[in-house]
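The next block holds one structure in the form of structure tokens; read it before the comments.
Atoms considered below: every heavy atom in the structure, side chains included; atoms not considered: hydrogens, waters and symmetry mates.
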Amino acid sequence: FQDPLTSLNPVFTIGDQLVETITRHTALRGRAAQDRARELLEQVGIPGAKDRLGSYPHEFSGGMRQRVVIALALAGDPDVLYADEPTTALDVSIQAQIIALFRRLCRDRGLAAVLVTHDMGVIAQATDRVAVMYAGRIVETGPTRDVLKAPRHPYTSALMESIPEIGRRQRRLPQLSGAMPRPGALPPGCSFSDRCPRATDICRQTVPEMTGADTHPAACLHPLDGDS
């Protein structure tokens, strides 16, 4: 969850909330469920896990609460873990720890993780593949390194251009004109056409399909690599 403090019930202990989730999604009960709760806290890096089961959410730091929420998500032994802006409320050093935790969990448990985020730094550090969305539709996807180093869709390129670089002196960061269309009032053709510097008349009439290399397609009639 984006904000673990509001995702955890303030009047129940961490142990109660973990055990509730474990008994709901598994066959474990009683002492076995308590032991499993402790194991989950240990797996996500909570020190003194046995003693912390009796703590309440407000007694944890933001990074530790995020680890507890990850433990809750793992309680049902999922194959895929969805994380919605899991590092937004954390400072940079704790953010790096949470990213490292995700990578370790994926490696050790054979788990797939889907991160929903606007932070390109998190994407670069934490993911193998990325899908860029605009107006509710995927407009580019591929291996993370390929998409970030050589974006094919103008929107992806604009996202990368808006990231400040150390040592690059400029008064203002580039920004797109206009605003994203409302979901219930998408324009005909490409939803990005009104804001795209490469748009032509055909872009405003035709909804582009995902085209290009199988490993790195983009939904654009005039992709940045020159394909048409």
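- With a 6.0 Å radius and a threshold of 12 heavy atoms from other residues, nucleotides or ligands, Phe1 has its CZ atom at or below the threshold.
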Val80 and Leu111: CA distance, side-chain angles, deciding distance, side-chain contact (heavy atoms from CB on, under 4.5 Å) verdict: CA-CA 6 Å; Val80 181; Leu111 182 72; 5.9 Å; no

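- Side chain of Thr144 to main chain of Arg129: a donor-acceptor pair is present (N/O by atom type, distance under 3.5 Å, no hydrogens or angles).
- In the hydrophobic clustering of ILVMFWY residues, with side-chain heavy atoms under 4.5 Å counting as a link, Tyr56 and Leu18 come out apart.
- Between the side chains of Ser55 and Arg52, at least one donor N or O sits under 3.5 Å from an acceptor N or O.
- In the hydrophobic clustering of ILVMFWY residues, with side-chain heavy atoms under 4.5 Å counting as a link, Val44 and Leu53 come out together.
- The distance from the CG atom of Leu74 to the CZ atom of Arg67 is 12.5 Å, given to the nearest 0.5 Å.
- In this structure, the side chains of Pro208 and Arg137 come closer than 4.5 Å at one or more pairs of heavy atoms.
- For Tyr134 and His153, the ring centers are positioned 6.0 Å apart or more.
- There is no side-chain donor-acceptor pair under 3.5 Å between His216 and Thr141.
- In this structure, Ala75 and Thr21 approach most closely via the heavy-atom pair CB-CG2, 3.8 Å.
- For the pair Leu186 and Ala135, the tightest heavy-atom approach, listed with the atom from each and the gap, is CD2-CB, 4.0 Å.
- Summarising the geometry of Ala33 relative to Thr23, their closest heavy-atom pair is CB-CG2, 4.1 Å, with the distance given to 0.1 Å.
- Taking 4.5 Å as the limit, every side-chain heavy atom of Val68 sits out of range of all side-chain heavy atoms of Leu40.
- Remark: His58 NE2 to Leu5 CG distance equals 10.0 Å, nearest 0.5 Å.
- Counting only distance, with no hydrogens or angles, the side chain of Arg152 and the backbone of Pro223 share no donor-acceptor pair below 3.5 Å.
- Looking at Asp3, Leu115, Val122, Thr117 one by one, the single match for side chain to side chain contact (heavy atoms under 4.5 Å, CB included) with Glu85 turns out to be Thr117.
- Considering SG of Cys220 and CD of Glu140, their distance stands at 9.0 Å, rounded to 0.5 Å.
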Under 3.5 Å donor-acceptor pairs involving side-chain atoms of residues 101-109, not counting sequence neighbours:
{"from": "Arg103", "atom 1": "NH1", "to": "Gln125", "atom 2": "O", "distance (Å)": "3.2"}
{"from": "Arg103", "atom 1": "NH1", "to": "Ala126", "atom 2": "O", "distance (Å)": "3.3"}
{"from": "Arg104", "atom 1": "NH1", "to": "Gln43", "atom 2": "O", "distance (Å)": "3.4"}
{"from": "Arg104", "atom 1": "NH2", "to": "Gln43", "atom 2": "O", "distance (Å)": "2.5"}
{"from": "Arg109", "atom 1": "NH1", "to": "Gln43", "atom 2": "OE1", "distance (Å)": "2.8"}
{"from": "Arg109", "atom 1": "NH2", "to": "Asp77", "atom 2": "OD1", "distance (Å)": "3.4"}

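- Each of Leu224 and Leu148 belongs to its own hydrophobic cluster when Ile, Leu, Val, Met, Phe, Trp and Tyr are linked at side-chain heavy-atom distances under 4.5 angstrom.
- Side-chain N or O atoms of Arg65 include one that pairs as donor or acceptor with a backbone N or O of Phe60 at under 3.5 Å.
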Between Gln34 and Val19, is the side-chain contact (heavy atoms from CB on, under 4.5 Å) condition met? List the steps. CA-CA 6 Å; Gln34 289 278 349; Val19 168; 3.9 Å; yes

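- Residue-environment remark: CG (Asp79) stays at or below the threshold of 12 foreign heavy atoms within 6.0 Å.
- In Ile202, the CD1 atom is not crowded: 12 or fewer heavy atoms of neighbouring residues, nucleotides or ligands sit closer than 6.0 Å.
- For Gln66 (side chain) and Thr87 (main-chain N/O), no donor-acceptor pair under 3.5 Å exists by modelled atom type.
- Side-chain atoms of Gln17 come within 3.5 Å of backbone atoms of Phe12 as a donor-acceptor pair (strictly under, hydrogens ignored).
- For the atom pair OH (Tyr155) and SG (Cys196), the distance works out to 12.5 Å, reported to the nearest 0.5 Å.
- To the nearest 0.5 angstrom, Asp128 atom CG is 12.5 Å from Ile123 atom CD1.
- For the atom pair SG of Cys190 and NE2 of His222, the computed distance is 9.5 Å after rounding to the nearest 0.5 Å.
- Val132 and Leu221 are assigned to two separate hydrophobic clusters, defined by single-linkage of ILVMFWY side chains at heavy-atom distances under 4.5 Å.
- Contact record, Ala71 with Leu41: CB-CD2, 4.3 Å, taken as the closest heavy-atom pair.
- The hydrophobic cluster containing Leu28 also contains Leu72, counting ILVMFWY residues as joined when their side-chain heavy atoms lie under 4.5 angstrom apart, directly or transitively.
- Taking both residues in full, the closest heavy atoms of Gly45 and Met64 are given as O-CE, 4.3 Å, listed atom of the first, atom of the second, then distance.
- Nearest heavy atom pair, residue Ile22 against residue Ala37, reads CD1-N, 3.5 Å.
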